Protein chains: 2
Amino acid sequence: MSYERNGCPIRFGLGILGDKWSLLIIRDLMFKGRRYYGEFLSAGEGISTNILADRLARLEDADIIHKTPDPAHGKKIVYCLTEKGLDLMPIMFSIMDWAEKYDDQTEVPREFIKELRNQPKSLRRKILASLK
Amino acid sequence: MSYERNGCPIRFGLGILGDKWSLLIIRDLMFKGRRYYGEFLSAGEGISTNILADRLARLEDADIIHKTPDPAHGKKIVYCLTEKGLDLMPIMFSIMDWAEKYDDQTEVPREFIKELRNQPKSLRRKILASLK
DNA sequence: CTGTATCCTTAGGGATACTG
DNA sequence: CAGTATCCCTAAGGATACAG
């Protein structure tokens, strides 16, 4: 009910963008080198455990993120962006551009983001993997 | 509470993207030639009058849209995008690209959208004004 | 035609305690 | 550490009637 997609790309996009938390999680994965449940939790945004777990599950269902057991630490679980998730990057960049122009509180993106932007897609994943 | 901006462009963007209706109204203004309250209402999305009025007011507060009395018809009111609103276009395009790639229900954007995309920004407004 | 006002329902989400 | 399970509360939003 309320809003079905039926062929509109904007409505489709709103399925992922149209809530308060998903895009922040994606941002953390994409630009901040956060990869663990605990890192999202303590990111200072104030998301609560149940909501975080719910969004992670939804994003995984939508094939935007992917979870794997951390090879290094036995217990931990690592989240990473899928191809589909990485392909959200142009949206992120265009939002950043807009905010940079119209929000005086927005800081200029960090250097590595500018750099990232100029790389071919194939290199972006490597750059992200080397973060932090 | 909950989520303040303090310098993050994504959080800033979520002010417009992070709800269910605003982006659909912007889409209607930007690509569908809808300009009147009544046209938004009967767009088939099922928005109700109070919500529509509220979103229009918010978008106007955010300087994304602008309302003027219709010079032609005495009673009507015309909504249009401001410069700031028009500058959301790259975000729209990037969402469309993503949806076109990953949503099999999404139809290829109509020809004029492709055309619009290739125009310099200065011409886009004119093209939009001639819509419908 | 463009909204307000009201009422009511539901979904989102915070807090907290608990589990594998 | 990575979640579930509750409980509860608020804000979002649908329906409808009414007003300028």
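What you are looking at is a predicted structure, and each value in this text was computed from that prediction instead of being measured. Convention: sequence-line order gives letters A, B, ...; per-chain numbering from 1.
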Grab the CD1-C1' distance between B:Ile47 and D:dG14 for me, whole Å please. 11 Å

Pair B:Asp70, B:Tyr36: side-chain N/O donor-acceptor within cut-off below 3.5 Å: yes

If hydrophobic clusters are built by linking Ile, Leu, Val, Met, Phe, Trp and Tyr wherever their side-chain heavy atoms come under 4.5 Å apart, do A:Met92 and A:Leu123 end up in the same one? no

Just how far, in rounded Å, is P of C:dT2 from CG of B:Asp70? 9 Å

Counting heavy atoms from C-beta on, name the nucleotide in D:dG14, C:dG13, D:dT4 closest to the side chain of A:Thr49. D:dT4

Send over the distance from B:Leu41 CG to C:dC1 C1', rounded to a whole Å. 10 Å

Take atom NZ of B:Lys76 and atom P of C:dC1, then tell me their distance rounded to the nearest Å. 7 Å

Side chain of B:Ile77 (C-beta onward), nearest among C:dT2, D:dG13, C:dA5: C:dT2

Quick check: does any side chain N or O of A:Glu115 sit under 3.5 Å from a backbone N or O of A:Glu111, one acting as donor and the other as acceptor? no

What integer distance in Å separates A:Asp54:CG from D:dA2:P? 17 Å

Any side-chain N or O of A:Arg55 under 4.0 Å from OP1/OP2 of C:dG13? yes

State whether B:Lys20 places a side-chain N or O below 4.0 Å from either non-bridging phosphate oxygen (OP1 or OP2) of D:dG14. yes

Choosing from D:dA12, C:dT2, D:dT4, which nucleotide comes nearest the side chain of A:Ala53? D:dT4

Would you mind reading off the distance between B:Leu59 atom CG and C:dT2 atom C1', rounded to a whole angstrom? 16 Å

Say whether B:Ile77 and B:Leu52 are linked into one hydrophobic cluster, either directly or through other cluster members, by side-chain heavy-atom distances under 4.5 angstrom. yes

Could you check whether A:Asn50 gets within reach of a base, just the sugar-phosphate, or nothing at all, counting any heavy atom under 4.0 Å? base

Round to a whole Å and report the spacing from CD of A:Glu60 to P of D:dA2. 14 Å

Nearest of D:dA2, C:dT2, C:dG14 to any side-chain atom of B:Tyr37? C:dT2

Measure from CZ on A:Arg34 to P on D:dA2 and round the result to the nearest Å. 15 Å

Less than 4.5 Å apart, side chain to side chain, heavy atoms only: is that true for A:Ile95 and A:Ile91? yes

